[in-house]
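One structure is given here, and the rest of the page talks about it.
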Amino acid sequence: MIHDITEYVKYLDGVHKRTMQYLKTIPMELLDWKPSEDKFSTGDLLRHIASSRLMFLGIIEHGNWTYTGHDTGKGATIEDISNYLEECQIKLKEGLLKAGNGVLVKKVLTLHGHEVSAWRILMAIPEHEIHHRGQISTYLQINKIEPPQVFGLKIENVKTTL
């Protein structure tokens, strides 16, 4: 369980920072790339991460699930998408800090209509973002682009013991 919204927001900032490191490695020509026609493009994934932050905030603030989409109107270039991600992160942080620790015990409905404590929804925010960042990592590697190391090291840099 999350016990302090300020500490949680600091954690979210770290997740966001690592996502932004990925953004820096994506060439413009890869924004529209997707592994198949029925999948999100690289740009779609980034816009989806951003828009989902607002969706999660809406659940916490108003108790409703509203998704504004991930169309190119939310960013057609790396710079535009970067700005949208930053804007959504700031809104999420400010909204959570304004809600305070009381939000952690607030009851909200899941998409399936089940009542849960809001802290469970808060746990879904980084999990959702990290899931899609993993997809972006795969997209980069398929296109022969080395994704950034999440914590600065590759497993090969870690001493092994037998």
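As the structure is a prediction and not an experimental result, all values here were calculated from the model.
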Are [X] and [Y] connected, step by step, through hydrophobic side chains (Ile, Leu, Val, Met, Phe, Trp, Tyr) whose heavy atoms are closer than 4.5 Å?
{"X": "V105", "Y": "V103", "value": "yes"}
{"X": "I142", "Y": "L140", "value": "yes"}
{"X": "I90", "Y": "L54", "value": "no"}
{"X": "I121", "Y": "M55", "value": "yes"}

First locate atom [atom1] of [X], then atom [atom2] of [Y], and finally report the distance between them rounded to the nearest 0.5 Å.
{"X": "R53", "Y": "E129", "atom1": "CZ", "atom2": "CD", "value": "4.0 Å"}
{"X": "L31", "Y": "L46", "atom1": "CG", "atom2": "CG", "value": "7.0 Å"}
{"X": "I49", "Y": "Q135", "atom1": "CD1", "atom2": "CD", "value": "8.5 Å"}
{"X": "N143", "Y": "L30", "atom1": "CG", "atom2": "CG", "value": "4.5 Å"}
{"X": "I125", "Y": "H16", "atom1": "CD1", "atom2": "NE2", "value": "13.5 Å"}
{"X": "K24", "Y": "I78", "atom1": "NZ", "atom2": "CD1", "value": "12.5 Å"}

Take atom [atom1] in [X]; do more than 12 heavy atoms of anything else shown fall under 6.0 Å from it?
{"X": "M28", "atom1": "CE", "answer": "yes"}
{"X": "K107", "atom1": "NZ", "answer": "yes"}
{"X": "E79", "atom1": "CD", "answer": "no"}

Shortest non-hydrogen separation from [X] to [Y] and the atoms involved:
{"X": "L96", "Y": "L57", "result": "N-CD1, 4.2 Å"}
{"X": "W119", "Y": "L104", "result": "CD1-O, 3.2 Å"}
{"X": "T110", "Y": "W65", "result": "C-NE1, 3.6 Å"}
{"X": "G100", "Y": "I5", "result": "C-CG2, 3.7 Å"}
{"X": "P147", "Y": "S137", "result": "CG-OG, 3.5 Å"}
{"X": "I60", "Y": "A118", "result": "CD1-CB, 3.7 Å"}

Item to complete: List the steps, then state whether side-chain contact (heavy atoms from CB on, under 4.5 Å) holds for I26 with W33.
Response: CA-CA 11 Å; I26 299 169; W33 186 89; over 6 Å; no
Are the side chains of [Y] and [X] in contact, using a 4.5 Å heavy-atom criterion?
{"X": "I59", "Y": "N64", "value": "no"}
{"X": "D80", "Y": "T72", "value": "no"}
{"X": "E127", "Y": "I130", "value": "no"}
{"X": "I2", "Y": "Y11", "value": "no"}

Practice prompt. Would you confirm whether K74, through its side chain, and T68, through its main-chain N or O, come within 3.5 Å as a donor-acceptor pair?
Written response: yes
Item to complete: Determine the interplanar angle of the H132 and F40 rings, folded into 0 to 90°, and report it as parallel if under 30°, tilted if 30 to 60°, perpendicular if over 60°.
Response: parallel
Practice prompt. Apply side-chain contact (heavy atoms from CB on, under 4.5 Å) to the pair V108 and V116, showing each step before the final yes or no.
Written response: CA-CA 6 Å; V108 296; V116 298; 4.2 Å; yes
Practice prompt. Assess whether side-chain contact (heavy atoms from CB on, under 4.5 Å) is satisfied between S117 and K106, documenting all intermediate values.
Written response: CA-CA 6 Å; S117 296; K106 178 181 178 178; over 6 Å; no
Practice prompt. Go through the steps for E94 and K98 under the test salt bridge (Lys or Arg N to Asp or Glu O under 4.0 Å), then give the verdict.
Written response: CA-CA 6 Å; E94 288 175 351; K98 182 179 176 187; over 6 Å; no
Discussion item. Checking side chain to side chain contact (heavy atoms under 4.5 Å, CB included) between S41 and each of H48, H70, R47, which is the one that passes?
Written reply: R47
Practice prompt. Begin with the C-alpha distance, continue with both residues' side-chain angles, and end with the deciding distance and a verdict on side-chain contact (heavy atoms from CB on, under 4.5 Å) for Q89 and L12.
Written response: CA-CA 9 Å; Q89 179 68 5; L12 276 186; 4.1 Å; yes
